[in-house]
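Values below: every heavy atom of this structure, side chains too, minus hydrogens, waters and symmetry copies. Please read these numbers as outputs of a predicted model, since none were measured by experiment.
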Amino acid sequence: ESKWSSEMIGLARGDLVRSIAQELVPDGVRVENPLREILPPKSNRSSHLGVFLIVYCGEQKAFSREQADSYRTLLEDSVSKITHVLHRRRTGNMVSRSFPGGLLPGLIHERSSSK
């Protein structure tokens, strides 16, 4: 039986990722982690895989896709230094286009029900 460190437990819950992301972004930008999933090992992957939806909310200032993508890179680098578990082939994907925050619950519901 493997034991998870407190960092790995925080990573699995999304707390660690969200708090690191919030520290990286400027004041006036809120970070949410409304959807996360830990996938079990598969035949082509020997370990669990964490999937996180990170949402950057420009509350007091506009936040562009390019800015969000640069913070995604910083977040991946920061998480990798702490946990040493990020798979490089799973990093570097451009962030999604911006959308009105009011649409987020519907998008999450759509994503969750499509499984």
Side-chain angles (χ1 to χ4, degrees):
E1 175 180 324
S2 65
K3 295 191 181 214
W4 285 27
S5 67
S6 60
E7 288 87 7
M8 292 301 293
I9 292 169
L11 180 65
R13 285 195 322 239
D15 301 340
L16 180 63
V17 173
R18 190 201 51 73
S19 66
I20 292 171
Q22 189 64 64
E23 290 174 12
L24 293 171
V25 297
D27 289 340
V29 176
R30 179 174 40 87
V31 175
E32 293 183 5
N33 180 211
L35 187 63
R36 59 199 155 275
E37 192 171 357
I38 305 298
L39 305 175
K42 291 175 37 173
S43 59
N44 63 341
R45 179 177 25 84
S46 62
S47 60
H48 287 81
L49 177 67
V51 180
F52 302 92
L53 173 64
I54 303 296
V55 179
Y56 299 100
C57 307
E59 294 185 318
Q60 297 173 350
K61 60 189 323 182
F63 200 66
S64 72
R65 184 179 189 195
E66 290 75 21
Q67 287 173 304
D69 198 54
S70 67
Y71 286 106
R72 180 218 23 95
T73 300
L74 290 172
L75 176 59
E76 289 174 350
D77 291 344
S78 296
V79 170
S80 180
K81 288 175 187 171
I82 292 171
T83 65
H84 309 289
V85 295
L86 277 184
H87 296 282
R88 283 289 152 200
R89 64 190 168 129
R90 304 256 184 219
T91 61
N93 296 318
M94 179 71 169
V95 299
S96 301
R97 291 185 177 88
S98 61
F99 57 88
L103 296 178
L104 183 61
L107 293 171
I108 291 172
H109 176 72
E110 183 180 301
R111 164 81 171 112
S112 299
S113 61
S114 69
K115 292 186 172 191

Starting at CZ of Arg18, measure out to CG of Leu75 and round the result to the nearest 0.5 Å.
11.5 Å

Do you know which two heavy atoms are closest between Ser70 and Gln67, and how far apart they sit?
OG-O, 2.7 Å

CG (Asp27) and CD (Glu59) are apart, to the nearest 0.5 Å, by 11.5 Å

Any idea which heavy atoms bring Tyr71 and Val25 closest together, and the distance?
CE2-CA, 3.9 Å

In this structure, CG of Asn33 is separated from CD1 of Ile20 (nearest 0.5 Å) by 11.5 Å

Between Phe63 and Gly58, the two heavy atoms sitting closest are CB-CA, 4.3 Å

In Å, rounded to the nearest 0.5 Å, how long is the span from OG of Ser78 to NZ of Lys81?
6.0 Å

Are the side chains of Pro34 and Val55 in contact, using a 4.5 Å heavy-atom criterion?
yes

Once rounded to the nearest 0.5 Å, what's the spacing between atom CG of Leu24 and atom CZ of Arg72?
12.5 Å

